[in-house]
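Have a look at the structure below before the remarks.
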Amino acid sequence: MAEPMAFPASSHIDDLEAHRLAHQFEGGDPRELLRWAIDRYGSRLVLATSFQAEGMVLLDMAWRIEPTIRVVSVDTGRLPQETYDLIERVRERYTLAIEVFSPEAAALETFVGEHGPNPFYRSLELRVGCCDIRKVAPLTRALAGVDAWVTGQRRAHQTTRRGINVVERDVAHGGIVKLNPLATWSDDEVWDYIRTNDIPYNALYDQGFTSIGCAPCTRATRPGDDPRSGRWWWETDAPKECGMQCVIDWNSLRA
Ligand code: SF4
């Protein structure tokens, strides 16, 4: 598992403030929350994106408010070519310096040396181990020293996300502020915004993908399926999460 990163105490908010802010911004225009966060946190706010549809909406909204908004992303080394192609288009259109965080080389070499390049199909433990090294640890580094981050999580994504608030205290990352401005948005609202504003999006959506992560662990879904059912599709009893966005008690699932 990734080593926990130390966060400065000044970045913490308490549950009461998180609850108050969530109530204040619930149901409002996501741009109001983004504007508030940009004003309050400045360069100590980051937008974290894997360039999925929601991330593109938020990137466009935030960039229109503040063109120097810090954008961070994790390159797991196993992303689909379509995601890399989209990143190039985003760099051209938005003239943003995207901060890309990669897995730590020594940890990855050890893991791949011990378990091979595709161990995730063999057990939940190995899948979580791979996600820890390729996703969770780089994101933890990306969030070190920031006061708040923006995610594209929505309640409609999956059962594990139904309880998210637009503003949360992020326990997994030292109690910093986690903003989910699209928490209440539907699929239609996301795609209406993308089409209305002619925003670039990942070409895999046109091939039936509804959630896009690493190439070997993502596949297209069928109409009516849970949007995240194409992620780690061979796992039947585990949440469709990697641990970046929420704390999962993996040990209880292994028992
Ligand atoms: Fe590894 Fe798959 Fe997780 Fe990507 S999604 S980090 S390839 S287990």
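Ligands are counted one by one from 1 in listed order, and the atoms in each one are counted from 1 as well. Just so you know, these numbers use all the heavy atoms, side chains as well, and skip hydrogens, waters and symmetry mates. Bear in mind the structure is a predicted one, so any value in this text is a computation, not a measurement.
- Distance check for Cys214 against atom 4 (Fe) of ligand 1: an N/O/S atom falls below 2.8 Å.
- Close contacts between ligand 1 and Arg134 involve ligand atoms 1 (Fe), 6 (S) [criterion: under 4.0 Å to a heavy atom].
- Ring pair Trp191/Tyr205 is perpendicular by interplanar angle, where above 60° counts as perpendicular and below 30° as parallel.
- Taking backbone and side chain together, Cys217 holds an N, O or S atom under 2.8 Å from atom 2 (Fe) of ligand 1.
- Among the backbone and side-chain atoms of Cys131, an N/O/S atom is found under 2.8 Å from atom 3 (Fe) of ligand 1.
- Salt bridge Asp147/Arg40: absent, no basic N to carboxylate O contact under 4.0 Å.
- Checked for salt-bridge contact, Asp226 and Arg228 miss the test: no charged N lies under 4.0 Å from a carboxylate O.
- Taking the six-membered ring for Trp and the full ring otherwise, the centers of Trp232 and Phe120 sit at least 6.0 Å from each other.
- Of the heavy atoms in Arg127, both backbone and side-chain atoms come closer than 4.0 Å to ligand 1.
- Protein heavy atom in closest approach to atom 5 (S) of ligand 1: Trp232 NE1, 3.4 Å.
- More than 12 heavy atoms of other residues, nucleotides or ligands shown are found within 6.0 angstrom of NE2 on His115.
- When only non-hydrogen protein atoms are considered, atom 1 (Fe) of ligand 1 lies nearest to Cys130 SG, 2.3 Å.
- We find that Arg20 and Glu26 are not joined by a salt bridge, their nearest charged nitrogen and carboxylate oxygen being 4.0 Å or further apart.
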